[in-house]
Amino acid sequence: MNRIIIIFLITSLIIGTTLVIFSNHWFPIWLGLELSTLSIIPILNTNIKSRSNEATTKYFLVQAFSAAILLNGATLNLWLSNSWNISESPNTISYIIILIAIIIKLGLAPCHFWFPDVLSGLPFSNGIIIACWQKIAPLFILLSISNNIPNEIILLCATLSILIGGWGGLNQISIRKILAYSSISHLGWVSATLFFSPEASLILFSFYIINNTSIFLLCHNNNLLSLANLNKTNLILPTTLLFSIFLLSLGGLPPLGGFLNKLIPFIIFLNNINWIFIPSLIFGSLTSLYFYLRIVFNTSLTLFPNNSLNFLYNNNNNSNYLNTIISILTPLPIFGLALIPTFSLFI
């Protein structure tokens, strides 16, 4: 695809997301979501593989369906309140309809079925947009309407997402599907925290984006499509170590920075005396950590004796700019716990 066209599409994608974040009117919000969707479809469809085209079509249908639900909910809100303002709440029915649309867009349970299938059919360079950037706009909509919707609904969906995200990744060998279920679980943590502390949920979401961006770029740079690719003879020791560190950080293993994504929600739930959700959160967290540890253990077995020797004879021809981005993002997932005194101000 022409570089000018790609720049135009990425600019439209950024404008659409920005329009959603800074709007207080339902019609510009819907317009921004549609602009983002229509901008991202050509980007996803640059790959000529049939699997990628199928994933792009599924993504378009899901996004169009959820946008139609959101527009219907906003129209119902207009009929009841005679206003497009997002803060008007004469009836919770319209906001429940809008909440369903947002749950579909975020890929939260029980509307998560499309996300692993779509992400597994896209290359990592496109999947990072679906897993990270496209979550920003729905999350800010959820943040804007959090005072007008029943907390129990989103807390139930968040708890299901944490459990399903941990359970669904147990039998996966595709790295893209593992990352998809990891995304479902992490967005469950972010959504569960949002109603009690919006600032803390934004911190969790920032760590989620940094961790996911790092591991997506690492997998794209080394063409790691499945766990079997970790046995490749051209995979060097630093790459394997970074891959293991990023996975353990996603799993929330202390003392890595991803542990903040588990520690902050637990503190918030304990402070708000929400004991009923804590056992489910602990079970989902331990399940996720189990399959991350299993993958890292299997990965570490490839370091000796063959792959460790490749460090001495490595001729890495991968993109330098991707290596630079990975180097910049690496310290935060590793040393993120050093920022606990700063983040404690928002808990």
**Request:** For Trp26 and Ile141, run side chain to side chain contact (heavy atoms under 4.5 Å, CB included): C-alpha distance rounded to whole Å, both residues' side-chain angles, the deciding distance at 0.1 Å, then the answer.
**Result:** CA-CA 10 Å; Trp26 279 118; Ile141 297 175; 4.2 Å; yes
Report yes if the side chains of [X] and [Y] come closer than 4.5 Å at any heavy-atom pair, otherwise no.
X      : Y      : value
Ile282 : Phe266 : yes
Ile40  : Gln63  : no
Trp167 : Leu170 : yes
Ile278 : Leu270 : yes
Leu35  : Thr17  : no
His25  : Asn85  : no
Ile4   : Phe8   : no

**Request:** Go through the steps for Ile69 and Phe65 under the test side chain to side chain contact (heavy atoms under 4.5 Å, CB included), then give the verdict.
**Result:** CA-CA 6 Å; Ile69 294 176; Phe65 176 69; 3.4 Å; yes
**Request:** Without swapping roles, check the side chain of Asn77 against the backbone of Gly73 for a donor-acceptor pair under 3.5 Å.
**Result:**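 No.
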**Prompt:** Would you find a donor on one side and an acceptor on the other, under 3.5 Å apart, between the side chain of Asn72 and the backbone of Ala68?
**Reply:**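 Checked: pair present.
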In the single-linkage hydrophobic clustering (I, L, V, M, F, W, Y; side-chain heavy atoms under 4.5 Å), do [X] and [Y] co-cluster?
X      : Y      : value
Leu139 : Ile136 : yes
Val118 : Phe124 : yes
Leu163 : Leu281 : no
Trp133 : Ile130 : yes
Ile149 : Leu33  : yes

Any idea which heavy atoms bring [X] and [Y] closest together, and the distance?
X      : Y      : answer
Ile162 : Ser185 : CG1-O, 3.7 Å
Ser23  : Ile29  : CB-CG1, 3.8 Å
Leu122 : Ser52  : CD2-OG, 3.8 Å
Lys177 : Ser120 : CG-CB, 3.7 Å
Cys157 : Ile103 : SG-CD1, 3.5 Å
Gly188 : Leu108 : N-CD2, 3.8 Å

Tell me, yes or no, whether the heavy-atom count around [X] atom [atom1], taken from other residues, nucleotides or ligands under 6.0 Å, exceeds 12.
X      : atom1 : result
Ile14  : CD1   : yes
Ile173 : CD1   : no
Phe60  : CZ    : no

**Message:** Before we go on, tell me: are the rings of Phe196 and Phe269 under 6.0 Å apart, centre to centre?
**Reply:**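 Yes, close enough.
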**Message:** In this structure, is the centre-to-centre distance between the rings of Trp189 and Phe207 below 6.0 Å?
**Reply:**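 No - the distance between ring centres of Phe207 and Trp189 does not fall below the 6.0 Å cut-off.
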**Message:** Just by distance, no angles: are the side chains of Ser183 and Tyr208 close enough, under 3.5 Å, to form a donor-acceptor pair?
**Reply:**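 Short answer, yes.
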I need the [X] [atom1] to [Y] [atom2] distance, nearest 0.5 Å.
X      : Y      : atom1 : atom2 : value
Asn261 : Ser249 : CG    : OG    : 7.5 Å
Ser36  : Leu9   : OG    : CG    : 11.5 Å
Ser144 : Ile98  : OG    : CD1   : 11.0 Å
Thr75  : Phe27  : OG1   : CZ    : 10.0 Å
Phe115 : Ile104 : CZ    : CD1   : 14.5 Å

**Request:** Report the relative orientation of the aromatic rings in Tyr59 and Trp114; use parallel for angles under 30°, tilted for 30 to 60°, perpendicular for over 60°.
**Result:**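 The arrangement is tilted - the two ring planes meet at 30° to 60°.
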**Prompt:** Phe205 and Leu194: side chain to side chain contact (heavy atoms under 4.5 Å, CB included), yes or no, with the steps?
**Reply:** CA-CA 10 Å; Phe205 187 65; Leu194 184 142; over 6 Å; no
**Ile128 and Asn212: CA distance, side-chain angles, deciding distance, side chain to side chain contact (heavy atoms under 4.5 Å, CB included) verdict** = CA-CA 8 Å; Ile128 193 173; Asn212 259 25; over 6 Å; no
**Item:** Intermediate values then yes/no, side-chain hydrogen bond (donor to acceptor under 3.5 Å, both in side chains), Tyr292 and Ser182
**Value:** CA-CA 10 Å; Tyr292 283 126; Ser182 173; 2.5 Å; yes
